[in-house]
There are 2 protein chains.
Amino acid sequence: MSAAEAALHESSVSSALVSIFRGKFCDALLPGRGALHFAADEILYDVGDRNRVVFFVRKGFVKIGTLTPEGREVIYDIRKDGDVVGELCACHTPRRDRAVALEPAEAIRVPYSEIVDALRGNPDLLVKLLEIFCNCLADAYDQITTLASQDLPGRLVQVLLGLASKIGRPAGEAVQIPAYLTQEEISQMVGARRERVSTALNSLRRRGLLEYSSRGHLLLHVAALRDFAP
Amino acid sequence: MSAAEAALHESSVSSALVSIFRGKFCDALLPGRGALHFAADEILYDVGDRNRVVFFVRKGFVKIGTLTPEGREVIYDIRKDGDVVGELCACHTPRRDRAVALEPAEAIRVPYSEIVDALRGNPDLLVKLLEIFCNCLADAYDQITTLASQDLPGRLVQVLLGLASKIGRPAGEAVQIPAYLTQEEISQMVGARRERVSTALNSLRRRGLLEYSSRGHLLLHVAALRDFAP
DNA sequence: AGATGTCAGTTACGCCAGTAACATTCGAAA
DNA sequence: TTTCGAATGTTACTGGCGTAACTGACATCT
């Protein structure tokens with residue numbers, strides 16, 4: 001296992017609903033359904049939607065977030081192929097969150113009611129789903145802790161480490177973030193202005209904690225980021 | 001229904017795991033178990049614990065939160081009688097969260113394994129539990145949104161409204177918060193210093209959006225708080 | 001090639017919030 | 001009742017962040 005791979009796996013939870021594909025979900029729900037194609041910036045579902053549907057991402061990246069009444073966007077999570085998206089419809093209609101493709105993506109759409117039906121006969125699957133929800137919750141609490149107690153550089157490092165463990169790919173000694181995230185989007189993940197993110201990223205870059213590569217794909221030096229002290 | 005009651009029920013989710021008592025959980029898990037007694041500030045479970053146990057609160061209030069590496073405390077939620085506490089053990093050992101009694105409290109302790117066993121034969125219960133987790137998650141995302149996009153007065157108002165809907169009791173035209181929360185604890189819920197909370201609370205009080213009553217128990221004018229504009 | 005649009009980098013300015021230090025009030029124990 | 005400690009209220013100083021306003025780099029479209 002390379003240093004980069006080790007660095008990846010040290011990291012805590014994969015909060016996204018990974019690996020559901022490899023369970024019986026796949027057999028029970030997905031066969032015979034075609035994947036929908038989404039263009040970059042296309043909306044899978046939006047705040048206010050009343051359809052209770054869940055998506056199984058097959059390709060690409062999807063951002064989960066919301067819009068505030070003042071029109072600001074906030075991003076909770078980035079999900080990738082193999083993840084489930086839209087699980088919050090289990091309790092709220094109309095929806096309060098939204099999911100948007102970050103680049104061309106494919107996903108299979110399944111009504112929530114069919115999932116519940118499938119689960120009803122399959123307790124093991126339900127226990128697993130419960131654990132997955134629990135992981136999401138733990139991740140959300142982590143974000144609350146970070147937002148409430150860290151300054152911008154600290155929050156930025158936390159978000160980057162979270163991205164590395166969720167969607168990162170080993171690239172030599174470093175970890176690459178395969179999704180293209182604008183600084184604006186990163187700023188919506190750390191709760192700060194884009195300008196601050198710009199300077200904070202450059203500060204981290206000057207210290208050798210990360211590099212930019214083509215088209216803004218970040219290269220993270222995870223170990224260095226982890227023992228970052230302001 | 002009084003104005004205060006109406007104001008309470010308009011409010012969104014009760015994120016705490018309310019009403020599990022009234023389901024079959026009660027019959028399946030609780031009979032024959034004695035409630036444990038906790039003194040004020042006594043710890044139900046702490047960061048680092050490896051026991052997978054869940055508590056059913058019967059009396060009093062419990063704060064759920066964590067301690068940051070720098071020693072700061074962050075509070076995610078306040079739970080009361082009828083709520084479940086400790087559900088995060090479904091996915092993480094050692095624990096990363098902690099639960100502390102706010103005042104003398106009673107709770108029944110049940111190992112997580114026994115809950116899973118009980119759930120296995122009871123799909124309906126599991127679906128319900130799933131919804132409850134989902135509510136918690138939605139509430140956590142709300143907090144992220146608030147922390148990332150609002151200034152201190154806004155965050156404070158959000159937290160107070162959340163408390164009103166979760167643990168508030170109608171008291172005339174207002175809603176009373178029956179738990180005694182210090183300003184320090186409120187500050188750990190809004191991600192700000194205690195001093196700022198002091199001045200912000202006084203500012204809200206001067207505008208007639210809330211009152212102090214005996215022993216710091218807050219009286220909230222929910223409708224006024226809801227259309228609060230800085 | 002030029003026009004257009006988006007994203008990144010940078011600055012000046014003002015305000016809000018963290019820090020520190022202290023005064024005051026209140027409640028509970030002695 | 002007195003006393004002590006904890007919680008609250010308040011202030012001055014300072015640093016960090018939001019705001020606004022540009023500049024430059026790059027890509028795409030016409």
Side-chain angles (χ1 to χ4, degrees), chain A residues 39-41 63 68 70-75 100 102-104 146-157 159-160 177 179-207 210-219 229-230, chain B residues 39-41 63 68 70-75 102-104 146-157 159-160 177 179-207 210-219 230:
Chain A
D41 294 322
K63 61 177 175 183
T68 71
E70 308 85 46
R72 295 190 43 161
E73 184 157 0
V74 176
I75 298 177
V100 180
L102 281 179
E103 53 188 72
T146 301
L147 282 167
S149 71
Q150 305 254 91
D151 58 4
L152 174 57
R155 298 201 301 271
L156 182 57
V157 168
V159 163
L160 293 175
I177 305 301
Y180 173 52
L181 296 165
T182 66
Q183 292 185 347
E184 183 68 37
E185 282 161 334
I186 295 176
S187 80
Q188 291 160 356
M189 290 193 271
V190 299
R193 294 298 105 151
R194 206 265 314 160
E195 294 86 337
R196 298 289 145 196
V197 171
S198 174
T199 64
L201 275 176
N202 277 311
S203 159
L204 293 177
R205 182 164 57 157
R206 274 191 288 273
R207 302 190 204 191
L210 58 83
E211 302 163 42
Y212 294 7
S213 67
S214 60
R215 278 261 314 156
H217 285 75
L218 295 171
L219 271 181
Chain B
D41 293 323
K63 61 178 175 183
T68 70
E70 308 86 43
R72 294 189 45 159
E73 185 157 0
V74 177
I75 297 177
L102 281 179
E103 53 188 69
T146 301
L147 281 167
S149 71
Q150 306 253 93
D151 59 4
L152 175 57
R155 297 202 301 273
L156 183 57
V157 168
V159 163
L160 293 176
I177 304 301
Y180 173 51
L181 296 166
T182 65
Q183 293 184 347
E184 183 68 38
E185 283 162 333
I186 295 175
S187 81
Q188 291 159 357
M189 290 192 272
V190 298
R193 294 297 107 148
R194 204 265 315 161
E195 293 86 336
R196 297 288 144 195
V197 171
S198 175
T199 61
L201 276 176
N202 277 311
S203 159
L204 293 177
R205 183 165 53 158
R206 274 192 287 274
R207 302 191 204 191
L210 58 83
E211 302 164 41
Y212 294 6
S213 66
S214 60
R215 279 256 316 153
H217 284 76
L218 295 171
L219 271 181

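Each chain gets a letter, A, B and so on, in the order its sequence line appears, and its residues count up from 1.
Inter-axis angle, ends of the helix from C:dA1-D:dT30 to C:dA30-D:dT1, five pairs per end, rounded to 10 degrees: 40°.
Pairing each heavy atom of B:Glu185 with each of B:Ile75, the nearest pair is O-CD1, 3.7 Å. A:Ile177 and A:His217 make their closest contact through O-CD2, 3.2 Å (heavy atoms, listed as atom of the first residue, atom of the second, distance). The two residues B:Arg205 and B:Tyr212 make their nearest non-hydrogen contact at NH1-CD2, 3.3 Å. Nearest approach of B:Glu103 to B:Ala179, heavy atoms of both residues: OE1-CA, 4.1 Å. For B:Met189 against B:Val159, the heavy-atom pair with the smallest separation is O-CG2, 3.9 Å. The shortest non-hydrogen separation linking A:Ala40 to A:Leu102 is CB-O, 4.1 Å.
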Every protein N/O lying under 3.5 Å from an N/O of nucleotides 13-19 of chain C:
{"from": "C:dA17", "atom 1": "OP1", "to": "B:Leu152", "atom 2": "N", "distance (Å)": "3.3"}
{"from": "C:dG18", "atom 1": "OP2", "to": "B:Arg193", "atom 2": "N", "distance (Å)": "3.3"}
{"from": "C:dG18", "atom 1": "N7", "to": "B:Arg196", "atom 2": "NE", "distance (Å)": "3.3"}
{"from": "C:dG18", "atom 1": "N7", "to": "B:Arg196", "atom 2": "NH2", "distance (Å)": "3.0"}
{"from": "C:dG18", "atom 1": "O6", "to": "B:Arg196", "atom 2": "NH2", "distance (Å)": "2.5"}
{"from": "C:dT19", "atom 1": "OP2", "to": "B:Arg193", "atom 2": "NH1", "distance (Å)": "2.3"}

Using nucleotides 25-30 of chain C, report all nitrogen or oxygen pairs with the protein that are shorter than 3.5 Å.
none

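Remark: A:Glu184 pairs with A:Thr182, A:Ser187, A:Gln188, A:Arg194 by the side-chain contact (heavy atoms from CB on, under 4.5 Å) rule, at least two apart or across chains. Considering only residues two or more places apart in sequence or on other chains, B:Thr68 meets the side-chain hydrogen bond (donor to acceptor under 3.5 Å, both in side chains) condition with B:Glu70. Remark: A:Arg155 engages A:Thr146, A:Leu147, A:Gln150, A:Leu152, A:Val190, A:Ala192 in a side-chain contact (heavy atoms from CB on, under 4.5 Å) (not counting sequence neighbours).
The side chain of B:Tyr212 places an N or O atom within less than 4.0 Å of a non-bridging phosphate oxygen (OP1 or OP2) of D:dG9. The phosphate of D:dG9 has OP1 or OP2 within less than 4.0 Å of a side-chain N or O from B:Arg205.
Rounded to whole Å, atom P of D:dG9 lies 7 Å from atom CG of B:Leu201. In this structure, the CG atom of B:Leu181 is 16 Å from the C1' atom of D:dA6, given to the nearest Å. To the nearest angstrom, P of D:dG24 lies 17 Å from CG of A:Asn202. Atom CD of A:Glu185 is separated from atom P of C:dC7 by 8 Å (rounded to the nearest Å). Regarding B:Leu102, its CG atom lies at a distance of 12 Å from the P atom of D:dA7, rounded to whole Å. Atom CD1 of B:Ile186 and atom C1' of D:dG9 are 14 Å apart (whole Å). One can place CG of B:Leu218 at 13 Å from C1' of D:dA7, the figure rounded to the nearest angstrom. For the pair A:Gln183 CD and D:dG18 P, the computed distance is 14 Å after rounding to whole Å.
Between B:Leu218 and B:Ile186 the shortest side-chain heavy-atom distance falls below 4.5 Å.
Taking only distance into account, the side chain of A:Arg194 never meets the base of D:dG18 through a donor-acceptor pair shorter than 3.5 Å.
Within the 4.0 angstrom heavy-atom criterion, base atoms lie near B:Ser198.
In this structure, the separation between CZ on A:Arg206 and CG on A:Leu201 is 10.5 Å, given to the nearest 0.5 Å.
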